[in-house]
Amino acid sequence: MSKADTAPRTMNKEGNGMGRGPGIGPGPGRGPGRHGRKFEKPKEGKAAIKRLFGYIAHEKAALFIVFLCVITSSVTALLGAYMLRPIVNTLGDDLKVLMSLSADSADYGVAMKDSILHLITGLIKMGIVYAAGIITTYTQSRIMIGVSQRAIYKIRQELFTKVQSLPIRFFDERSTGEVMSRFTNDVDTVGELLNNTITQLINGIITVVGTLVLMIYTNWILTIITIVFVPLMLKAGSMIAKRSRKYFSAQQAALGDVNGYIEEVVTGQNVVKVFCHEKKAIEEFREYNNTLREKQIKAQFFGGIMGPVMGNLGQISYAVVGTVGAILCILKKFDIGGVTVFVNFSRQFSRPINELSMQVNTIFSALAGAERVFAVMDLEPEEGDMEDAVNMNEKEVRGLVVFENVTFGYNPDKVVLNNLSLYAKPGQKIAFVGSTGAGKTTITNLLNRFYDIQSGSITIDEKDIKSYTRESLRQNIAMVLQDTHLFSGTIRENIRYGRLDATDEEVEAAAKVASAHSFIMRLEDGYDTVIEGDGSNLSQGQRQLLNIARAAVSHAPILVLDEATSSVDTRTEKHIEHGMDRLMKNRTTFVIAHRLSTVRNANAIMVLENGEIIERGTHKDLLDMKGRYYKLYTGMLELD
């Protein structure tokens, strides 16, 4: 899609730094948070949860095993901790017996052996319980990872399939980074929720409830003391977390600005050096770096004190419980083993509560991400073909194209083409000239049915293009765009992209038509040369020649050339034009040109302005008219 037209563009080019043009500085109005993700609550959490769990609901057996494993793991952890009580009490009883006996007596040796046996037996039992917990934890992790990854695979597959069915308008209105974030950031947060958060949530709830029950069973007085400390710890943790989240968000925003600035300067390094902007770039970077340092100090400080503050409050609770427990041992004959396990319970009681509160952000972020993914999935796909639509390939396509009284606007309140009429006979070359936003590219977009017109008609071989299936229509229209795009793979595969069933001989023939064969054969691996980074190992002219070869191999009878030579030098342009001349032979061709010298041999030149054809004719006719085309060609006016 060329930027020449007035298609709606609400692209947030800052997205995640993808698809941005080179630059040498942040420029005015540059906002924070280029890479930082802000905490976001879901709008329809229940609906997102219901739909999300639909992806794993069919794996009932696996989920049931996971649920049992989580319960078993939680119970064994609680049981193992409580088993310390009888061990300590038994050791205490054995110690009393040993202290009552003489070290030289035979009974002392028997009592010592019994004491050691009691300890070993208790530790073995505890070890068996903890081993069961380890096995169940491992089992539930392995099973849940499989369940979640299968769900994520299905979500990604459905999302990608959906994106392929969406109309061009969807991509015009969104940046590449915004679309990519659905597949990366949003799906990743959903994956984290399914992988770990759900099981951690269940485990945390069971641990809290189980610990509370065991605490009450062990000693209700100490339980009350422990519970009194919980709100204090939660309040302190909440206050610190609130400040910490604020400063971490600021840190991420500052980090995003630093990363964005580095990306812009590195990408535009040639521009920086040409204009001797190195010192200015260093100064600007120092400002961003200083801001990041200040934000990081605050973020790391509040992030760092969370542990010590919560730990010290826990130690206070631990000390108070231990002291009161000791008093109860003296006054109420509370057992030492009970005190031992209770102080451990009091220590770990707040841990799952804190973990559960920390999971809330993860859950909300995941559900918000799921909503964004589902929002794309719920978009209306490209309008389907008419019931009686015919396959254009079932007949010989001559290439007679007629636009009659066509009116179109990307938005209903803004007309781009106003009552436009034109025709192209089979084999003719029609050129469009005009300023940015005049509607040149829009005409070719309508021909491909990337958009549908509001009124009028577009016909090919005297049949409305809506009467053809979209797939067969587009198979008969080849395009060579200003922005070259090559895919990962070999040169041969990239040319064959124009027609996937093309033979190697047809691929090479197309390359010869495009004047690309000679430079391809000079490459070390020829047609098997692997394309790197959208063709970064090739020159701009070579990439464009491959695009022309891709169009040539398609054998499409209608050809669209959208400013195909505007980004190359004059010498390369001549070479490309030679390939395009052979490509255009016997094809109905529409040319959008910025350089007027490239359209002099067109059968007809249309001069567009504000969506209307203000002049039309051959190159000579338009010069004789001495109108806008004459002024543009002679340099009296410039295309804007």
Run the salt bridge (Lys or Arg N to Asp or Glu O under 4.0 Å) check on Glu506 and Arg496 step by step: do they pass?
-> CA-CA 9 Å; Glu506 288 175 319; Arg496 187 177 279 126; over 6 Å; no
One thing to verify: whether [Y] and [X] come together as a salt bridge, which I'm taking to mean a side-chain N less than 4.0 angstrom from a carboxylate O.
X: Arg286; Y: Glu283; answer: yes
X: Arg470; Y: Asp452; answer: yes
X: Arg474; Y: Glu382; answer: yes
X: Arg156; Y: Asp188; answer: yes
X: Arg499; Y: Asp501; answer: yes

Please check if any side-chain donor atom of [X] sits under 3.5 Å from a side-chain acceptor atom of [Y], or the reverse.
X: Thr441; Y: Asp562; answer: yes
X: Asn393; Y: Asn476; answer: yes
X: Glu287; Y: Tyr261; answer: no

For residues Ala549 and Ala511, report the shortest heavy-atom separation together with the two atoms involved.
->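 Closest pair (atom of Ala549, atom of Ala511, distance): CB-CA, 3.9 Å.
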Heavy-atom closest pair, residues Lys466 and Ile453 |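 Between these two residues, the closest heavy atoms are NZ-O, 4.5 Å.
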Working for salt bridge (Lys or Arg N to Asp or Glu O under 4.0 Å), residues Arg616 and Asp621 | CA-CA 8 Å; Arg616 70 177 78 200; Asp621 293 337; over 6 Å; no
Residues forming a ring pair (Phe, Tyr, Trp, His ring centres under 6.0 Å) with [X], sequence neighbours excluded:
X: Tyr629; result: His619
X: Phe403; result: none
X: Tyr497; result: Phe487

Verify the neighbour count for atom CD of Glu471: are there more than 12 heavy atoms of other residues, nucleotides or ligands below 6.0 Å?
->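 No, not enclosed.
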